[in-house]
Amino acid sequence: GAVVSQHPSRVICKSGTSVKIECRSLDFQATTMFWYRQFPKKSLMLMATSNEGSKATYEQGVEKDKFLINHASLTLSTLTVTSAHPEDSSFYICSASIIAGGPGNEQFFGPGTRLTVL
Amino acid sequence: GQNIDQPTEMTATEGAIVQINCTYQTSGFNGLFWYQQHAGEAPTFLSYNVLDGLEEKGRFSSFLSRSKGYSYLLLKELQMKDSASYLCAVRGSSASKIIFGSGTRLSIRP
């Protein structure tokens, strides 16, 4: 099946710094990538939908200036958490879709990035 | 608005059968997914239903009733490794976006 990677897998940073997380589709071109965050023992919350070459679509309540998303190519999307604070500590997961709206399991998940802000 | 409900926690015995229910209310419907997620890991795809009925895949089966906004995931011959969270997710009116329910933490006891 299709493989999605994320880097880094874990990051610890100081409050006020910015952190960039990369999401790559390794063996396919992703027309759409999604960014989720997950708090302990909670489900995935969709943050934004990222389409290559256009601006990301953010979900209600997600600050676009706080969580910057860039989808520069069909294999790479980045999420930058700007001026991170302890409440931003979470598990961030990306997923990639080959064909928007297609059937079946065409959305493939990356392994996630554990962010801890001190 | 969109709402996806499933039980928070369930416990079952190794070798037994368990059914995890999911009800949903979404604007539009373009398929329902079940994912398995072990702690600290990303979700892995289990099943996809877009038409009413039962889809069987090995020990796992998934059922959908669109008129009732209802689905269940059936796990047979439970194994200890099945202890995980099971996430019900729905693709609504949006062409590609999938919204997740809160997940059901399933614990398997010997």
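Side-chain atoms are counted along with the backbone in the values below, which use heavy atoms only and exclude waters and symmetry mates. Convention: sequence-line order gives letters A, B, ...; per-chain numbering from 1.
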Where on A/Leu44 is there a heavy atom nearer than 4.5 Å to chain B: the side chain, the backbone, both, or neither?
both
Tell me, side chain or backbone of A/Glu59 under 4.5 Å from chain B's heavy atoms, or both, or neither?
side chain
Mind telling me whether A/Phe34 and A/Tyr36 have parallel, tilted or perpendicular rings, with 30° and 60° as the class edges?
tilted
In terms of heavy-atom pairs under 4.5 Å, which option from B/Ala89, B/Ser47, B/Ala39, B/Gly101 contacts chain A the most?
B/Gly101
Carboxylate-amine/guanidinium proximity below 4.0 Å for A/Glu22 and A/Arg24
yes
Polar side chain donor-acceptor pair, A/Gln29 to A/Glu52, under 3.5 angstrom:
no
Let's test your reading of the structure: which of B/Gly31, B/Ser85, B/Gly40 forms the most heavy-atom pairs below 4.5 Å with chain A?
B/Gly40
Pairing of B/Glu56 and B/Lys76 as salt bridge, 4.0 angstrom limit
yes
